[in-house]
Amino acid sequence: MIISDKSPEKKRADFRKALNSGKLLQFPGAYNPMVAMLIQQTGFDGVYVSGAVMANSLGLPDIGMTTLTEVSQTASGIARVTDLPTIMDIDTGFGETMSVARTVKELTYLGLSGCHIEDQVNPKRCGHLDNKELVSISAMVQKVKAAADAKTDPNFLLIARTDARAAEGLDAAINRAKAYVDAGADMIFPEAMKDESDFEAFRKAIDVPLLANMTEFGKSRLLSKSELENLGYNLVIYPVTTQRLAMKAVEDGLNTIKKVGTQESILDNMQTRKRLYEVLHYEDYNAYDSSLYNFNL
Ligand SMILES: C[C@](O)(C(=O)O)[C@H](CC(=O)O)C(=O)O
Ligand SMILES: [Mg+2]
C-alpha cells in the first residue's frame, strides 16, 4: 500500500539475479504509476519509463526538451509503487559528463534500477527516425565512464544505447557498443535494428546482456518473446505501447461523446469503477484506516 515495501536495493539485486537467469525479461512502458501497478499485477518482470512518453505527456515531441527534474520525478513516482525493477530512458544524459554522473546518482537515490543513455547529439530524435546525428565515440565513452563511476549501488544497471546503425552501419555500431562496454556499460541497447540478422550480429559480437526495443511503427519488425529468446536477447521493452493503446481509446471515446452526446455505447471500452478499485487495493485502505481508527492504547 501507498508505496512498495520492497527497498530499491533489493529490487536492484533481484533484477541482477533475474538478468543472469538467461530468461528474457519483458518490460512494458508505464506512463503513470497506476500503469506500473497493472504491469506488476499482469505478471511482467519489470517496468520501463520511456523518454518519448514522458515528453509526449507534457505535450512535447521526443527531441530532448525535458529536464532531469521533470523526468526523475515522473520515473520515481512510477518506481516507488511497484516491487518490480524500473529502468528509464535518460536520452543523452541531461548534459555532459558531470551532469551525466549527477543523473545516475539522482536516479539511484530515487529508487530506479537502471537507465539507458544514448550516443546522439542533443537535440536528439526518436531512434526510429532518419537523419540522426551522433557524438564521437570518445565523447560517448566519457559519458558512459562518468555514469559507471557515479554508481552508488553496483547493481544499478547502466545501459548504453547506440543509434549508429542507420548513420554509420552495422560494424561501426558494434564497434561503438564494444567501446561502451569497455567504458563500464552493463548492457547494450542496439537501437533501430533493420532485421533479425542485425540483432544476431550484435549478439555474436557483444558479451554483456542485450536489450531489444519492440516499439511499434518503427524500423524493426515486432519480434515475439520466443523469437527474441532464440536470438539470445535478455530484456525487451515495449516503450510506448500502453500510451498508444490508451491514446487511441481516449481519442475514439472523445469522438463518440462529441458525435453521439453520451458515452453509453463505449462503456465496454472503459476500466470499470470496480476494476479501478481492485488495481489500487482500495479495500486495504479501508481496512487500514479502520484499524488506525480503532487503535487503543
Ligand atoms: C525507446 C525510445 O527511446 C523511448 O523514448 O521510448 C523511443 C521509442 C519510440 O519513439 O518509439 C525510441 O526508440 O527512440
Ligand atoms: Mg527515448
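For the numbers below, each heavy atom of this structure counts, side chains included, while hydrogens, waters and symmetry mates do not. All ligand and atom numbering here is 1-based and tracks the order in the structure. Along the sequence shown, the residues carry numbers beginning at 1.
For ligand 1, the atoms lying closer than 4.0 Å to a non-hydrogen atom of Arg161 are 2 (C), 3 (O), 12 (C), 14 (O). Every atom of ligand 1 is numbered from 1 in the order shown, and the set under 4.0 Å from a heavy atom of Gly127 is 12 (C), 14 (O). Shown in contact with Thr215 at under 4.0 Å from a heavy atom are these atoms of ligand 1, numbered in order with element: 8 (C), 9 (C), 11 (O). Every atom of ligand 1 is numbered from 1 in the order shown, and the set under 4.0 Å from a heavy atom of His128 is 13 (O). Listed by atom number, the atoms of ligand 1 under 4.0 Å from Arg244 heavy atoms are 11 (O). Heavy-atom contacts of Glu191 reach the following atoms of ligand 1: 12 (C), 13 (O), 14 (O) (cutoff under 4.0 Å). Contact atoms of ligand 1 toward Tyr48: 1 (C), 4 (C), 6 (O) (distance under 4.0 Å to a heavy atom of the residue).
Taking the six-membered ring for Trp and the full ring otherwise, His116 and Tyr48 have centroids separated by under 6.0 Å. Less than 6.0 angstrom separates the ring centroid of Phe199 from the ring centroid of Tyr233.
Considering only non-hydrogen protein atoms, atom 7 (C) of ligand 1 sits nearest to Asp62 OD2, 4.3 Å. The nearest heavy-atom contact from the protein to atom 10 (O) of ligand 1 is Cys126 SG, 3.1 Å. At the shortest separation from atom 6 (O) of ligand 1 among protein heavy atoms lies Ser50 OG, 2.6 Å.
Considering both main-chain and side-chain atoms, Gly51 comes within under 3.5 Å of ligand 1 through a nitrogen or oxygen pair. Checked by distance only, ligand 1 and Asn213 come closer than 3.5 Å through their nitrogen or oxygen atoms. The shortest N/O to N/O separation between Asp89 and ligand 1 falls below 3.5 Å. Residue contacts with ligand 1: Ala52 is placed with a nitrogen or oxygen under 3.5 Å of a nitrogen or oxygen of the ligand (distance criterion only).
For the residue pair Asp119/Tyr180, the side-chain donor-acceptor check at 3.5 Å is satisfied. Under the 3.5 Å distance criterion, with hydrogens and angles disregarded, no donor-acceptor pair is assigned to the side chains of Tyr277 and Glu283. Defined by atom type and a distance below 3.5 Å, a donor-acceptor pair is present between the side-chain atoms of Arg203 and Asn234.
Looking only at N/O/S atoms, Asp89 comes nearest to the Mg ion (ligand 2) through OD2.
Of the heavy atoms in Tyr238, none comes closer than 4.0 Å to ligand 1. No part of Glu216 comes within 4.0 Å of ligand 1, judged by heavy-atom distances.
By the 4.0 Å N-to-carboxylate-O rule, Asp62 lies too far from Arg125 to be salt-bridged with it.
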Discussion item. The test is salt bridge (charged side-chain N to carboxylate O under 4.0 Å, His left out); show your working for Lys219 and Asp195 and say whether it passes.
Written reply: CA-CA 8 Å; Lys219 299 239 184 262; Asp195 51 30; over 6 Å; no
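When side chains are defined from C-beta on, Thr66 counts as touching Asp91, because their heavy atoms get closer than 4.5 Å. Contact of the Glu133 side chain with the Lys124 side chain is not registered, since no non-hydrogen atoms from C-beta on lie closer than 4.5 Å.
With respect to Asp153, the salt bridge (charged side-chain N to carboxylate O under 4.0 Å, His left out) criterion is satisfied by exactly one of Lys11, Arg12, Lys105: Arg12. Among Gln120, His128, Lys132, the single residue meeting the side-chain hydrogen bond (donor to acceptor under 3.5 Å, both in side chains) criterion with Glu191 is His128.
Inclusion of Glu118 in the first shell of the Mg ion (ligand 2) is not supported: no N, O or S atom falls under 2.8 Å.
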